[in-house]
Structure formats: structure tokens, C-alpha cells
Amino acid sequence: MSYPRSIRELVAERAAGKVSAAELSRHFLDRIAAHDETLNAMISGCADTARERAAALDAGGAADGPLAGLPIAHKDIFCTRGVRTSCGSRMLDNFVAPYDATVVERLAAAGTVTLGKTNMDEFAMGSSNETSFYGPVRNPWNTDYVPGGSSGGSAAAVAAGLVPAATGTDTGGSIRQPAALCGVTGIKPTYGRVSRYGMIAFASSLDQGGCFARSADDCAHVLQAMAGFDERDSTCVERDVPDYVGALGGQGDDFLKGMRVGLPKEYFAEGLDDASRKVIDAAIAEFQAQGAEIVEISLPHTELAVSTYYVLAPAEASSNLARFDGVRYGYRCENPVDLEDLYTRSRGEGFGREVQRRIMVGAYVLSAGYYDAYYLKAQKTRRLIARDFSDAFENVDLIAAPVTQAPAFKLGEKLDDPVSMYLNDVYTLPASLAGLPGMSVPAGFVDGLPVGLQLLAPWFEETRLLGAAHAYQQNTDWHTKRPAGFE
Ligand code: GLN
């Protein structure tokens, strides 16, 4: 069997009997076995259940679906019945969920075969995958570098061809940023498009599930199966899911013709590395060559995004993480002397430093006397940031920008400097605060490390977003490149 293949081809070949689900799973399980020792992209494998499921699909004993036989990996934030869900934390090192997340359930109903759970920053807090209890993930393009985070394992696994697709979550950039740093395509849908049921909560007003794959067309296939209303998530939006796959399949060469693409001047200002900028400029030139009209726009409150996010996300996290108390499930300290000791030591030993930092910041900004100055103020600045986008989308159809200021950094480089780690998220946080759909699309390299182009669309315009990325990928081959040693 030769690879790579698009998901469209894989599914068609399987349906035509040219390849079996068992062969597909074996191919990718072999790749995981060969490469994961180097990358550390997986936390838990489930090779045996994967083989059983693939065999059942081949025997016609399991429901077939549009993705029948497609191997997939899930970020370890999605609950999977029978397979450990650690969320990258010692706190949940022993946790096996009694149910599947809606995303997991829907992808299984579509016929996917789960090969394992991917590594991630602890409770999805981080931008480098270095806060994981299970150790850092390495970037397949250069193993001395970070893969980005928090969905670093999913991005690295797809980049290295360990799986054709993987799920992820994006609260402040955790799909777009690792997709950019690992040179794969990633989509964060509109907040509310994908159910959060069974997705361990970090910051509930921001968390959104999405996916990684090699191309926009691949992402469309996975998102198609994930998206849609779920009554078990009160913020999931009751709205029809468009035919993403059909739209891309029937898309003409002139998709970008006449499309107005806005470049926010605040994203091309000081801080953006020169070499990365050249890559982004070349990508924008391709949009122009395909007939897009490029216009400069302004998102004037961009500079408030980092401080707004790093008040709101920790505030929500401090509340969400209160449930991990060592009583019902998760890590429990040895020999507690009383209840206070049980809580204190279970949380002190079960959570890593970054998670503890967020809980403390969150508790502080929510406390009496500081609530108005921080939390309430941040809610207001969030509103201003969202309004910048709705104003901008009055005049443009799409926004294009860098995902990060520079390509991947070295392992350890920012570990002792949380503020510089936070500042790293400056281009991804605004769209998260506004709840907008966004993508990262491979656009080139700087010194052998990938650079991603960020595309943002108005709320629920995933079809347009995927369409634009697809049009770009029809005429470029950055998304087809594979890191040396992982061909
Ligand atoms: N890097 C950001 C943070 O640390 C975003 C993480 C995410 O999107 N889950 O909070």
C-alpha cells in the first residue's frame, strides 16, 4: 500500500474493495510503532481494539459510514469509553471514562477506527506541549523543536503520517498553532458548531473541537462527521450542517475570484518575523493570482487579546477544575490525615505547575475586590475584540494573517517564561475570543520549519473557509510535504 492518500481516495478505495480497513489500520499502527518512541505524540494506544474494529468493519459486522475504515487518533481530552482519558495530567492518569464524547461517538458512527489518544499540554494549557505529564512531544520537522500546543500530539502525529487525521481542541489557538508549527492543515470551527459533551472543559466559553489532517479536503471529511447539534451541550448550536465535502468536490477554479480578503494591519506589525512574513506574503500573492481582492483592514483592539484571554481563560479554568478534588475520581494523595489535607495534597500533587498557575490567577481575578477590575473588564474587552471582527466582515469575506510570529521554537526555550509563552498566542487568541472559525494552512518553510497561513471567516462560514484553503491547496504543494525520516 502506498501513501500518502487523501481521505477522499482512501474512503473510495475502501468502498471499492481495493483496500481493507484492516490493511489501513495495520499500516498506521506500524508507523506509530516505528516512530512514536521519537515523537511521543501518543499517550495511550489501543491497537487491539483497533484491529478488532477494523476486522468487524471488513466483515460487515459494524455499521459502515462515510469514513468507514479511516484510522484516526483523538486528542486525550475527548472521553473514550474503555480507553484512558488523561487530559495530559497526572490528575487523570488513572481515569477511564464510562462514556464516549459526542465527537468520538459521531466519528465512530461515520466508520472511523480509533488508533490511540494523542499527547497534549496538561488540561490543554500551553502552546508547546511541554506541560504534559507524559513529557513533551517532538516536532517531526526537527525533533529539537516543539510541535506547538496544546494539541501538539495530534499535529505531530498527522505531520509524521502516524494517522491520516486527528481530533483537537482550540480554546485560544490549540489547533491552529500546532497545525502551523507542524505543517499540517487544521480547522477550529465556529464556537458551538461541534459538541463539547465529553470534551474535558478548560474554558467553556472558548473551547471548541476541531481537527487536523493533511489538506482542507481531508479536514472537510472529518468535520462533516463531527459537526452538528447535540442536546447534551447547551452551547451547541441548533443549525444545519452544510455539505462541506460536496461543496469542495464541486468547487470550480474560480472560487477565490472577486473574494475580498482582509489583511489586518495589527497582525503584520512589529513582532512578526521577517522570514515568516515573506512566506505569508507569497501565500497572499497566490490568493491574488486566483482573483482575490486583497484589502488592508484594521482590528483595533487586537493588542488587548492576550491580557483579555489570560484573565478569562484562567477564570473559567479555576471554576472547571474545582471538580478535581481527589474524592470521586482522578488522583488521590497517599494517606490523607483529614479532608483539607486530601484536597490540598491531591490537587498539589495531581496538577502540574502551569495548571496551578492558571487556577491561582483565575481564583484571583474572580475574587471579591478584583472581579470588577479584571474579570468584568476582560468581558468588556472581549466584546470589543468580537466587534472588531463583525465590523471587518462588513467589508471583507475572509481574513488572512500569520498564525504565529515565528516558526517553532526549541524545546525548553520558553518553559521558564510563562509570559513569553502567552505572548506567543497573540495572533490566535482574538478569533477565539470572538468565537470565529479559523484554519491554519501550510504555506512554506523557514530554515526547514513550517509556517502556517491563518484564514478566518465569519461565524458559521466553514464552507467558505474550507473552500478558500482548498483553492489555495489546488495550486500549491506545501501541504503535501513530509518531514525527512517520516516519508
Ligand atoms: N496557548 C493557549 C493557552 O495556553 C491556548 C490553549 C488552547 O487553545 N487550548 O491557554
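These numbers come from the heavy atoms of this one structure, side chains and all, not from hydrogens, waters or symmetry mates. Atoms within a ligand are numbered from 1 in the order they appear, just like the ligands themselves.
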Once side-chain hydrogen bond (donor to acceptor under 3.5 Å, both in side chains) is applied, do any residues pair with Asp273, and if so which ones, sequence neighbours excluded? Ser276

Is it the case that the side chains of Tyr331 and Glu349 hold a donor-acceptor pair, with the cut-off being a distance below 3.5 Å and no angle test? yes

Determine whether the aromatic ring centres of Phe287 and Tyr472 lie less than 6.0 Å apart. yes

Close residues, ligand 1: non-hydrogen atom nearer than 4.0 Å: Ala124, Met125, Gly126, Ser127, Ser150, Asp170, Thr171, Gly172, Gly173, Ser174, Phe202, Tyr309, Tyr310, Arg358, Asp425

Please identify which of these residues, Asn129, Leu449, Thr404, meets the side chain to side chain contact (heavy atoms under 4.5 Å, CB included) condition with Leu181. Thr404

To the nearest 0.5 Å, what is the distance between CZ on Phe133 and CG on Asp121? 14.5 Å

Between Phe202 and Phe123, does the ring centre distance come in under 6.0 Å? no

